[in-house]
*Asks:* 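If you scroll down you'll find the structure; I have some questions about it.
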Amino acid sequence: MFLHILKSKIHCATVTEANLHYMGSITIDEELMEAAGLMAGEQVHVVNNSNGERIETYIITGERHSGCICLNGAAARKFLPGDQIIIMAYALMEPEEAKGFKPQVIFPDEHNRLA
């Protein structure tokens, strides 16, 4: 049996852009991706703390040190610049592996920079 376990989390990032006329996804600053252990194309769950919306999408790599958090496509109707969000990725693990696993969690500042 496998369990879905939290692998990576960007906690309380700020949406910087919402691009309706794009094919979909979330663009994330490459520095934030690396710090949280996320990869381009990886599936993520995105929760909007400002309005309660939740989506699943995949990651596109954004420019390093840009602070970019951009919701693309249809999600641009549910996430607006200035919204506070949480981005989470999960991994399948056997229960024994999951017991000792610690997710990579980062807490960017209001400009999506790391301390």
Side-chain angles (χ1 to χ4, degrees):
M1 170 177 59
F2 288 94
L3 305 171
H4 280 105
I5 301 297
L6 179 68
K7 175 188 84 75
S8 303
K9 179 177 176 182
I10 300 175
H11 189 79
C12 287
T14 303
V15 175
T16 58
E17 299 175 59
N19 184 352
L20 181 61
H21 303 291
Y22 194 86
M23 292 175 48
S25 65
I26 183 170
T27 305
I28 302 174
D29 178 321
E30 185 175 28
E31 179 182 34
L32 296 178
M33 288 173 56
E34 287 178 1
L38 297 167
M39 297 177 59
E42 186 170 1
Q43 179 183 359
V44 289
H45 293 239
V46 186
V47 178
N48 190 329
N49 288 343
S50 300
N51 65 18
E53 292 287 350
R54 303 172 75 90
I55 65 163
E56 276 182 36
T57 191
Y58 63 93
I59 299 170
I60 293 177
T61 304
E63 182 180 339
R64 182 178 289 277
H65 305 300
S66 66
C68 177
I69 300 287
C70 180
L71 277 297
N72 300 303
R77 296 199 184 274
K78 298 177 182 271
F79 294 78
L80 300 173
D83 286 353
Q84 293 292 305
I85 65 171
I86 300 171
I87 303 164
M88 298 164 286
Y90 299 86
L92 289 173
M93 296 181 197
E94 300 247 357
E96 282 305 309
E97 179 184 11
K99 285 180 184 176
F101 182 79
K102 300 288 183 225
Q104 286 181 250
V105 179
I106 63 168
F107 301 88
D109 68 14
E110 65 275 6
H111 303 289
N112 298 327
R113 305 275 194 263
L114 299 173

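This chain uses plain numbering: 1 for the first residue, then up along the sequence.
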*Asks:* Judged by atom type as modelled, is there a donor-acceptor pair below 3.5 Å linking the side chain of Thr61 to the main-chain atoms of Glu30?
*Replies:*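 No, because the side chain of Thr61 does not come within donor-acceptor range (under 3.5 Å) of the backbone of Glu30.
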*Asks:* Between Asn72 and Tyr22, what is the shortest heavy-atom contact and its length?
*Replies:*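 Reported closest heavy-atom pair: CB-CD2, 3.4 Å.
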*Asks:* Which heavy atom in Leu32 sits nearest to a heavy atom in Pro108, and how many Å separate them?
*Replies:*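 The pair with the smallest heavy-atom distance is CD2-CB, 4.2 Å.
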*Asks:* Does Asp29 reach the main-chain N or O of His65 with its side chain, forming a donor-acceptor pair under 3.5 Å?
*Replies:*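 Looks like yes, one N/O pair under 3.5 Å.
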*Asks:* Quick one, Asn48 and Arg54 - any side-chain contact, counting heavy atoms below 4.5 Å?
*Replies:*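 No, their side chains stay 4.5 Å or more apart.
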*Asks:* Is it the case that one hydrophobic cluster holds both Ile5 and Phe2, taking links as side-chain heavy atoms less than 4.5 Å apart, direct or via other members?
*Replies:*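 The answer is no; the residues belong to distinct hydrophobic clusters.
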*Asks:* Take atom CZ of Arg77 as the centre, draw a 6.0 Å sphere, and report whether it contains more than 12 heavy atoms from other residues, nucleotides or ligands.
*Replies:*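 Not buried by this count: 12 neighbours or fewer within 6.0 Å.
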*Asks:* What's the spacing between Glu31 CD and Leu114 CG if we round to 0.5 Å?
*Replies:*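 Going from the CD atom of Glu31 to the CG atom of Leu114 covers 4.5 Å.
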*Asks:* Measure from the side-chain N and O atoms of Asn112 to the backbone N and O of Ala13, and report whether any donor-acceptor pair falls under 3.5 Å.
*Replies:*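 Between the backbone of Ala13 and the side chain of Asn112 there is no qualifying donor-acceptor contact (under 3.5 Å).
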*Asks:* Measuring from atom CD of Glu17 to atom CG of Leu71, what distance do you get when rounded to the nearest 0.5 angstrom?
*Replies:*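 Atom-to-atom, Glu17:CD and Leu71:CG are 10.0 Å apart.
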*Asks:* Start with the C-alpha distance between Ile10 and Leu38, add both sets of side-chain angles, then the distance that settles side chain to side chain contact (heavy atoms under 4.5 Å, CB included), and finish with yes or no.
*Replies:* CA-CA 10 Å; Ile10 300 175; Leu38 297 167; 3.8 Å; yes
*Asks:* Taking the side chain as everything from C-beta on, heavy atoms only, tell me whether Cys68 gets closer than 4.5 Å to Glu63.
*Replies:*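 Not in contact.
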*Asks:* Could you please spell out the steps behind the side-chain hydrogen bond (donor to acceptor under 3.5 Å, both in side chains) verdict for Gln43 and Thr57?
*Replies:* CA-CA 6 Å; Gln43 179 183 359; Thr57 191; over 6 Å; no
*Asks:* Can you confirm whether Lys7 is buried at NZ, in the sense that more than 12 heavy atoms of other residues, nucleotides or ligands lie under 6.0 Å from that atom?
*Replies:*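 Correct, the count exceeds 12.
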*Asks:* What are the two closest heavy atoms between Leu6 and Phe101, and how far apart are they?
*Replies:*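 Closest approach of Leu6 to Phe101: O-CE2, 3.3 Å.
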*Asks:* Considering non-hydrogen atoms only, spot the tightest contact between Ser50 and Asp83 and give its length.
*Replies:*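 Shortest heavy-atom contact: OG-CA, 3.4 Å.
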*Asks:* Taking atom CZ of Arg113 as the centre, report whether more than 12 heavy atoms of other residues, nucleotides or ligands fall under 6.0 Å from it.
*Replies:*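 Yes, CZ of Arg113 has more than 12 neighbouring heavy atoms, counting only those of other groups under 6.0 Å.
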*Asks:* For residues Met33 and Glu42, determine if any side-chain heavy atom of one lies less than 4.5 Å from a side-chain heavy atom of the other.
*Replies:*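 No; the side chains remain at least 4.5 Å from each other.
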*Asks:* Taking atom SG of Cys12 and atom CD1 of Ile87, what is their separation to the nearest 0.5 Å?
*Replies:*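 Reported to 0.5 Å precision, the distance equals 10.5 Å.
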*Asks:* Which heavy-atom pair separates Gly67 from Thr16 by the least distance, and what is that distance?
*Replies:*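 Of all heavy-atom pairs spanning Gly67 and Thr16, the closest is O-CG2, 3.4 Å.
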*Asks:* Heavy-atom count around Glu94 CD within 6.0 Å, excluding the residue itself: above 12?
*Replies:*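 More than 12 heavy atoms, drawn from other residues, nucleotides or ligands, come within 6.0 Å of this atom.
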*Asks:* How many angstroms lie between atom NE2 of His45 and atom NZ of Lys9, to the nearest 0.5 angstrom?
*Replies:*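 It comes to 13.5 Å.
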*Asks:* What do the steps show when you test Val44 against Glu56 for side chain to side chain contact (heavy atoms under 4.5 Å, CB included), and what is the final call?
*Replies:* CA-CA 6 Å; Val44 289; Glu56 276 182 36; over 6 Å; no
*Asks:* Could you pull out the closest heavy-atom pair between Phe79 and Val47, with the gap in Å?
*Replies:*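 Nearest heavy atoms, Phe79 then Val47: CE2-C, 4.2 Å.
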*Asks:* Measure the CD1-OG distance between Ile59 and Ser25 for me, rounded to the nearest 0.5 Å.
*Replies:*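 Rounded to the nearest 0.5 Å, the CD1-OG separation comes out at 9.5 Å.
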*Asks:* Do Ile69 and Ile55 land in one hydrophobic cluster if side-chain heavy atoms of ILVMFWY residues count as linked below 4.5 Å?
*Replies:*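 Same cluster: Ile69 reaches Ile55 through Ile, Leu, Val, Met, Phe, Trp or Tyr contacts under 4.5 Å.
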*Asks:* Do Ile86 and Asn49 touch side chain to side chain, with heavy atoms closer than 4.5 Å?
*Replies:*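 Of all side-chain heavy-atom pairs linking Asn49 with Ile86, at least one is under 4.5 Å.
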*Asks:* Is the closest side-chain heavy-atom distance between Ile85 and Ile26 below 4.5 Å?
*Replies:*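 SC-SC contact between Ile85 and Ile26 confirmed.
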*Asks:* So do Met93 and Leu3 actually touch side chain to side chain, heavy atoms under 4.5 Å?
*Replies:*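 Leu3 vs Met93: side chains apart.
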